[in-house]
Asker: 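Dumping the structure here so I can ask a few things about it.
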Amino acid sequence: MPTRSALRNDCPQPDSFHEMWRQLLPVGRNSASGGYRRFAWTGADADCRDWFREQARRRGLTYEVDRNGNQWAWLGDPAEGDAVVTGSHLDSVPDGGAFDGPLGVVSAFAALDELRRRGVRPAKPLGIVNFGDEEGARFGLACVGSRLTAGALTVDQAHRLTDAGGITLPQAMEAAGHDPDAIGPDPVRLGRIGAFVELHVEQGRALDLTGDRVGVASAIWPHGRWRFDFRGEANHAGTTRLADRHDPMLPYAETVLSARREAERAGAVATFGKMAVEPNGVNAVPSLVRGWLDSRACDQERLDTVVGGVERAARAYAAAHGVQLDVERESFTPVVEFDHVLRDRLARILGKDADLKVPVLGTGAGHDAGILAGRVPTAMLFVRNPTGVSHSPAEYAAEDDCVAGVLALADVLEGLAAP
């Protein structure tokens, strides 16, 4: 039965969580930054995938890799249907933190260990998944593995994805030993899943502010990525008069500031976190400045207001400096409402023996759970993040809170897999 300790302060310490966490912690870590560089279909990614396979082997689980490179570990036969699946991803953003993604995968194995310790015999198949390339750090598109599986990314689109070195996704997959010609929608696999629950470190401070260890997700904000190409004229930095310049860096800089103003007015978020400059010389006026806008809001109207405002300002700035501007939306995810029945069931399971109201909160971060939500009943659990920092080496969750997440996930799996 659900345990009070998952939500209170008297958490036991499952040894398996700490052991797995210590094993995974060094993989893909950059000694200079302290952050992680676990990019899709690289050596670090292969090491993470080896770790997952070994955890499945140790527990006697059936291991498989699907057509899109996602890893699965099964207790029971998924062909029976109505399976309960949990997991997350193991890849990272450039110099990201240790918790975003891996916490959900490690907790999944630890929760299964906890169920076995309790003597639970699930009446439904239980699955653990590691979705590939969730962060999109290498090929520029998030949630590639889950998008392909759900049919939200076509095979043609996937084959056109290219990294900064000009290597295509099919080339990278083939080099890593996976057949790129096999990728594509997997409706049979998704049809066997009755519920998917992803545990994730909270990427914000809502739980810290309320003093709760664990929360349930309500929805994922609509969000997207837009590329702004400012095209000017390359020239000599020392001999070209200011009045004669068509410098794309100037309207780009003004656009970055406008994004902050638009987001503040709308109560949303907007970030220019990546840029590329050509010819990228210290003594040269640029010919091209390319910047990527990431924007998210609690509803579609606010998001449209922010992005529309940024684009209008950017075009005005570009015109004032004699610079050409092209704007392209590279990706977009509409608001994702998690299955209300499943969400409410999680809250009842976790609150049953705790005389506590389980917090329900939204998030501005995208997840594999959000991609699957349109195909299978999906829910998320969040574990407290005391600083709110994420996508950074400073990302952190206390060990006791992580264990609380494991116990909460075990409670949920037990409740969902009951006869």
Side-chain angles (χ1 to χ4, degrees), residues 13-59 61 63 65 69-73 86-114 128-139 142 144-145 163-165 172-173 175-178 198-203 367-368 383-387 389-406 409:
Q13 303 292 312
D15 291 337
S16 66
F17 174 85
H18 301 290
E19 178 184 353
M20 286 186 289
W21 194 253
R22 286 193 297 270
Q23 291 173 350
L24 191 58
L25 206 57
V27 178
R29 190 171 191 175
N30 180 265
S31 59
S33 69
Y36 289 85
R37 300 179 181 179
R38 298 167 173 164
F39 305 146
W41 306 109
T42 64
D45 183 54
D47 291 341
C48 288
R49 296 169 69 86
D50 288 345
W51 174 91
F52 184 97
R53 184 173 59 250
E54 176 62 16
Q55 298 309 314
R57 185 197 65 78
R58 289 184 182 183
R59 290 163 176 81
L61 305 178
Y63 171 79
V65 180
N70 306 309
Q71 294 178 289
W72 300 80
T86 186
S88 191
H89 63 95
L90 294 174
D91 65 311
S92 74
V93 299
D95 289 321
F99 295 83
D100 180 355
L103 180 62
V105 179
V106 174
S107 295
F109 283 113
L112 176 59
D113 294 343
E114 173 65 14
I128 297 173
V129 61
N130 167 37
F131 283 110
D133 201 5
E134 194 271 354
E135 295 291 6
R138 183 173 181 184
F139 297 101
V144 170
D163 70 9
M173 294 179 73
H178 191 81
E198 181 174 2
L199 180 144
H200 205 279
V201 65
E202 188 194 357
Q203 293 167 292
H367 302 281
D368 291 309
V383 172
R384 177 167 55 184
N385 179 340
T387 65
V389 173
S390 188
H391 284 191
S392 159
E395 183 178 81
Y396 174 73
E399 285 195 358
D400 285 351
D401 288 348
C402 292
V403 172
V406 170
L409 182 59

Asker: Using 0.5 Å steps for rounding, measure from the CD atom of E395 to the OG atom of S390.
Answerer: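 Answer for the CD-OG pair, E395 versus S390, is 3.5 Å.
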Asker: Would you say the side chain of F52 lies within less than 4.5 Å of the side chain of V105, judging by non-hydrogen atoms?
Answerer: yes
Asker: Between D133 (side chain only) and V144 (backbone N and O only), is there a donor and an acceptor less than 3.5 Å apart?
Answerer: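 The answer is no, because no donor-acceptor pair under 3.5 Å joins these two groups.
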Asker: Quick one: pull up CG in L90 and SG in C48 and give me the separation to the nearest 0.5 Å.
Answerer: 5.0 Å
Asker: Using side-chain heavy atoms (C-beta onward) and a distance below 4.5 Å, is R37 in contact with R29?
Answerer: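 SC-SC contact between R37 and R29 ruled out.
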Asker: Distance-only, no hydrogens or angles: does the D400 side chain make a donor-acceptor pair with backbone N or O of A404 under 3.5 Å?
Answerer: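 No, D400 side chain to A404 backbone: no donor-acceptor pair under 3.5 Å.
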Asker: Does any non-hydrogen side-chain atom of F39 lie less than 4.5 Å from one of P94?
Answerer: yes
Asker: Counting N and O atoms only, with roles assigned by atom type, does the side chain of R59 sit under 3.5 Å from a partner on the main chain of Q55, one being a donor and the other an acceptor?
Answerer: yes
Asker: How long is the straight-line distance from CG of L199 back to NE2 of H367, given to the nearest 0.5 Å?
Answerer: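 Going from the NE2 atom of H367 to the CG atom of L199 covers 10.5 Å.
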Asker: Determine, for E19 against R58, whether the closest basic-nitrogen to carboxylate-oxygen distance falls under 4.0 angstrom.
Answerer: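 Yes, E19 and R58 are salt-bridged.
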Asker: For D47, which residues count as a salt bridge (Lys or Arg N to Asp or Glu O under 4.0 Å) partner, sequence neighbours excluded?
Answerer: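 So D47 forms no salt bridge (Lys or Arg N to Asp or Glu O under 4.0 Å) with any residue.
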Asker: Run the salt-bridge test on R138 and D45 with the 4.0 Å N-O cut-off and return the result as yes or no.
Answerer: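 No, this pair does not count.
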Asker: For V389, does its backbone N or O pair with a side-chain atom of S392 as donor and acceptor, under 3.5 Å?
Answerer: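 No, the answer is negative, given that no donor and acceptor are paired below the 3.5 Å cut-off.
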Asker: Do D100 and H200 pair up side chain to side chain, a donor and an acceptor below 3.5 Å, judged on atom types alone?
Answerer: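 Looking only at side-chain atoms, H200 and D100 do form a donor-acceptor pair, the distance falling under 3.5 Å.
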Asker: Looking at every non-hydrogen atom in both residues, tell me the closest pair between F139 and D163 and how far apart they are.
Answerer: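 Looking at all heavy atoms of both residues, the shortest contact is CD2-N, 3.6 Å.
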Asker: Go through it in stages, so that I can follow the logic: the residues are D368 and H89, the test is side-chain contact (heavy atoms from CB on, under 4.5 Å), and I'd like the CA-CA distance, side-chain angles, deciding distance and then a yes or no.
Answerer: CA-CA 8 Å; D368 291 309; H89 63 95; 4.0 Å; yes
Asker: Answer yes or no: is there a side-chain heavy-atom contact under 4.5 Å between V65 and R49?
Answerer: yes
Asker: Do we see a donor-acceptor contact under 3.5 Å between the side chains of N130 and Q71?
Answerer: yes
Asker: Rounded to the nearest 0.5 Å, what separates atom CD in E114 from atom OG in S107?
Answerer: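 The CD atom of E114 sits 12.0 Å away from the OG atom of S107.
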Asker: Could you tell me which residues satisfy ring-ring contact (aromatic ring centres under 6.0 Å, His included) with H178, sequence neighbours excluded, listed by chain and number?
Answerer: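 If we apply the ring-ring contact (aromatic ring centres under 6.0 Å, His included) test to H178, skipping adjacent residues, the hits are W41.
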Asker: Could you tell me whether D91 and R38 make a salt bridge, using a distance below 4.0 angstrom between a side-chain N and a carboxylate O?
Answerer: no
Asker: Does the side chain of S88 come under 3.5 Å of the side chain of E198 through a donor N or O and an acceptor N or O?
Answerer: yes
